[in-house]
Amino acid sequence: MLRRSDSVGDAGLGRDDFEIEFFDSEAELLSSLFKTINGYPFVLTFNGDDFDLRYLFNRALKLGFTREQIPIELGRESAGLKYGVHIDLYKFFFNRSIQVYAFGNKYREVTLDSISEALLDTGKLEISASVSRLSYSELASYCLQDSELVQNLTRFDGEVVMKLITALSRISYLPIEDMTRQGVSGWIRSMMFKEHRDRGYIIPRSEEVRNSKGSTSTTAIIKGKKYKGGMVVDPVPGVHFNVAVLDFASLYPSIMKTWNLGYETILCPHPECRKNRVPDTDHWVCTQRKAMESQLIGSLRDLRIKWYKPRSKDRGLSANMLSWYQVVQSALKVVLNASYGVFGADRFSLYCPPLAESVAAVGRYSISNTINEAKRLGIEVFYGDTDSIFLGTPSIGKLEELIQWSKTKLSMELEVDKSYRYVALSSRKKNYLGVQDDNRVDIKGLTGKKRHIPEFLKMTFASLVSILGQVKSPSDFSEARGRISDLVKDSYAKLKSRKYSLDELAFNMMIGKAVGGYTKNTPQHVKAAQQLTKTGTEIKAGDLVSFVKVVTGTGVKPVKLASLQEIDVGKYAEYIRSTFEQVLDALEIDYEELTGAKKLEAFFPGA
DNA sequence: CCGACAGCCCAACATT
DNA sequence: AATGTTGGGCTG
């Protein structure tokens, strides 16, 4: 720490495993820090590219250091070290693929506090004043805590993060410094360019691929998308007992492998290949040459499914080996999942829309033919989405027959992913509740599980889920019905008598753009953000905005500025209803009948 | 130097 | 009041 004339307070840390070293000048402090940095092969930061290393570099220059004396090299968007690898964990955790696939969406906001809270169960230290006003003791504790969080983010769980970084760096053929700063498209570009060089291929320019392969031939279902994607089967509403969920193992990578798909082989120049059509498109695939992507992605797929995935579950291996296999198989999954999508992304250097389109088209072909075959075998089909189908289970033999059929007729590996004691489907797609044989409940897409809804709804919904988890047979539903009814009525009563706190009533929505960036309309979370900005609280893109619905003003208020008295009970009553109706619909339970909702809602004008 | 893809649901907003 | 659009959050 730097001794300052204006600093006050004691210098104790309250910990005997660390002590504070004081410096009388900033130059001495920096010298010592630079010496320390040079002693390590890795330096971890959180936002060091944009702040810490940049700041240190500039302070040093200002204080008269020469560039040789500073162990930092600044790039335009990154900061490197002369000796050692600088990993900016902010950049790595910001990567959507890392966030979603590697960490299962556990952290919401990409801040040190939010990530460490989610992964380490510890957040940043709260401080009593702005950083520049802290006592020696509090400042030191605050900085130490930040440092420990950053380091622990690479240490927890047997150093999974460093293992993941190592695995992804090897798969992508990128140095750790580059891999941790790039998105999946950068990783896959590097991997494919390396393969071009190994084979002596000339790497095409983006516009060369574009001009020779042209564009798409299907129409997307969603306006503004470039081509038609996966197929979603209309669910058969109702409760279905003994349902098996089958899915294709790594569907899109498997399609690229078995259909010889790549930018060179799609729409190839040979006249004789033109009859080798991709179903549901105007495209054809080469019969003369093998596609590099097909082989590369196919091999990675096989490595994952046949080597790393089985070993990640092998009880004979040490914990350390198990975690390595687990990390590699999930790293491969991240890369494989993106390997089709990048060809449909216009910024990808080998962008090839007809290729991406063809992969999705074969996917639809595969699932729809499998569904037809299932029906032909007398198996009921309840639902399906992209690569999965929900089937009745007349007998194990029938499912085996279907799996075998898929292998011989489609060359696709279909497998039983899970089996449900029962599944509740409404008529909504991408919305269901399934109870597994071990009472575990899977909930997909239902409002009750979404992150932005108020805590009180999540809690009530969780209770509903636990009731449904105990249902073993159709006859159990009548008891469950009574308990659900009590649950919902209880929630109404608490709402009406204002027993829920403002925090429990708060919606938490991520604001995707800067507050001023909303020109087309003004959604509620933006209205709340505007009010916060007015009172001096800054709101940036990516922040969570907490607000409640009120009867005053524009109908919403930030939690900080609201009071319990102005809560819009009617609006919340509507939310309880719509959240629960989604599930009850599927169970064929009438909401109004269950709760006597008509009578209840009469208490709330506007409900 | 860099953000993989499409499809679906819901609530609120804007427009007709 | 009916209808289309936007934005967020989700599935795969």
Side-chain angles (χ1 to χ4, degrees), chain A residues 49 75-78 91 94-101 105 108 178 181-189 216 218-235 245 247-248 250-252 333-353 355-357 359-361 363-364 367 383-389 417 426-432 442-453 507-513 517-527 542 544-545 549 554-556 571 574-575 578-579 581-582:
Chain A
D49 277 352
R76 198 157 51 159
E77 283 178 3
S78 66
K91 291 259 171 78
F94 189 84
N95 185 312
R96 283 294 292 168
S97 300
I98 296 300
Q99 194 174 352
V100 177
Y101 290 108
N105 247 328
R108 277 275 273 170
D178 294 343
R181 286 171 176 77
Q182 290 184 25
V184 273
S185 66
W187 306 345
I188 292 170
R189 180 189 58 200
T216 53
T218 58
T219 314
I221 290 177
I222 299 176
K223 216 180 79 185
K225 301 289 183 186
K226 284 168 286 202
Y227 57 90
K228 192 171 282 182
M231 188 176 89
V232 189
V233 181
D234 269 322
V245 180
D247 66 7
F248 293 103
S250 292
L251 178 67
Y252 287 179
K333 184 179 176 180
V334 171
V335 172
L336 287 168
N337 270 330
S339 63
Y340 129 84
V342 291
F343 286 104
D346 58 11
R347 304 148 194 104
F348 182 56
S349 44
L350 300 170
Y351 176 49
C352 185
L355 175 56
E357 177 180 41
V359 176
R364 295 193 301 277
I367 191 172
Y383 179 56
D385 187 349
T386 312
D387 62 354
S388 68
I389 42 177
D417 178 35
S426 67
S427 53
R428 301 169 187 85
K429 296 170 172 181
K430 296 185 189 276
N431 262 264
Y432 64 85
D442 280 349
I443 297 156
K444 302 289 178 178
L446 300 179
T447 303
K449 214 187 71 172
K450 296 198 173 178
R451 308 229 198 189
H452 69 278
I453 67 159
F507 288 81
N508 295 289
M509 266 208 189
M510 168 97 65
I511 184 158
K513 296 183 275 195
Y518 290 83
T519 49
K520 283 165 179 152
N521 55 22
T522 317
Q524 294 194 319
H525 62 299
V526 179
K527 284 182 178 143
L544 275 187
V545 182
K549 309 222 177 197
T554 56
V556 291
K571 267 274 181 287
E574 249 179 61
Y575 259 91
S578 65
T579 304
E581 225 168 23
Q582 279 185 350

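All heavy atoms count here, side chains included; hydrogens, waters and symmetry mates do not. Keep in mind it's a predicted model, so treat the numbers as computed, not measured. Note on naming: letters A, B, ... go to the chains in the order of the sequence lines (proteins, then strands), and numbering restarts at 1 for each one.
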Selected nucleotide, minimal atom distance to [X] side chain, candidates [options]:
| X | options | answer |
| --- | --- | --- |
| A:S185 | C:dG9, B:dG3, B:dC9 | B:dG3 |
| A:R76 | B:dG7, B:dC1, B:dC2 | B:dC1 |
| A:A345 | B:dC5, C:dT11, C:dG9 | B:dC5 |
| A:M509 | C:dG9, B:dG3, C:dC10 | C:dG9 |
| A:K520 | B:dC1, B:dC2, C:dG7 | C:dG7 |
| A:R451 | B:dG3, C:dC10, B:dC8 | C:dC10 |
| A:V232 | B:dC13, C:dG12, B:dC8 | B:dC8 |
| A:K450 | C:dG9, B:dC1, B:dC5 | C:dG9 |

Side chain to side chain contact (heavy atoms under 4.5 Å, CB included) partner of A:S388, the single match among A:D247, A:V233, A:D417: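 Testing each of A:D247, A:V233, A:D417 against A:S388, the sole residue satisfying side chain to side chain contact (heavy atoms under 4.5 Å, CB included) is A:D247.
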Under 4.0 Å from OP1 or OP2 of [N]: is there any side-chain N or O of [X] that close?
| X | N | answer |
| --- | --- | --- |
| A:T522 | B:dC13 | no |
| A:K223 | B:dC8 | no |
| A:S578 | B:dA11 | yes |
| A:R428 | B:dC10 | yes |
| A:K225 | B:dA6 | yes |
| A:K549 | B:dA12 | yes |
| A:H525 | C:dG8 | yes |
| A:Y518 | C:dG8 | yes |
| A:K513 | C:dG7 | yes |
| A:Q582 | B:dC10 | yes |

Contact check, side chains of [X] and [Y], non-hydrogen atoms, under 4.5 Å:
| X | Y | result |
| --- | --- | --- |
| A:D387 | A:Y252 | no |
| A:L544 | A:R451 | no |
| A:F507 | A:V556 | no |

Steps toward salt bridge (Lys or Arg N to Asp or Glu O under 4.0 Å) verdict (A:D385, A:K430): CA-CA 8 Å; A:D385 187 349; A:K430 296 185 189 276; 2.9 Å; yes
Rounded to the nearest Å, what distance is computed from the [atom1] atom of residue [X] to the [atom2] atom of nucleotide [N]?
| X | N | atom1 | atom2 | result |
| --- | --- | --- | --- | --- |
| A:L251 | B:dC5 | CG | P | 18 Å |
| A:K429 | B:dC8 | NZ | P | 4 Å |
| A:N521 | B:dC13 | CG | C1' | 5 Å |
| A:D385 | C:dT11 | CG | C1' | 6 Å |

Exam field: side chain A:S97 to backbone A:V184, donor-acceptor pair closer than 3.5 Å: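 Here the side-chain-to-backbone pair does not exist.
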When all nucleic acid strands are considered with a 4.0 Å heavy-atom cut-off, which category describes [X]: base, sugar-phosphate, or nothing?
| X | answer |
| --- | --- |
| A:K91 | nothing |
| A:R96 | nothing |
| A:N337 | base |
| A:R108 | sugar-phosphate |
| A:G341 | base |
| A:I222 | base |
| A:F248 | nothing |
| A:Y575 | sugar-phosphate |

The helix from B:dC5-C:dG12 to B:dT16-C:dA1: angle between end helix axes, five pairs per end, rounded to 10 degrees: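 The end-segment axes of the helix from B:dC5-C:dG12 to B:dT16-C:dA1 are tilted 10° relative to each other.
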Of A:G517 and A:L446, the one whose closest DNA chain C nucleotide lies more 5':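 Residue closer to the 5' terminus by nearest nucleotide: A:G517.
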Whichever of A:I443 and A:P523 has its nearest DNA chain C nucleotide further upstream toward 5':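 This one resolves to A:P523.
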Nearest-nucleotide 5' precedence on DNA chain B, A:A220 against A:S339: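 Upstream on the strand: A:S339.
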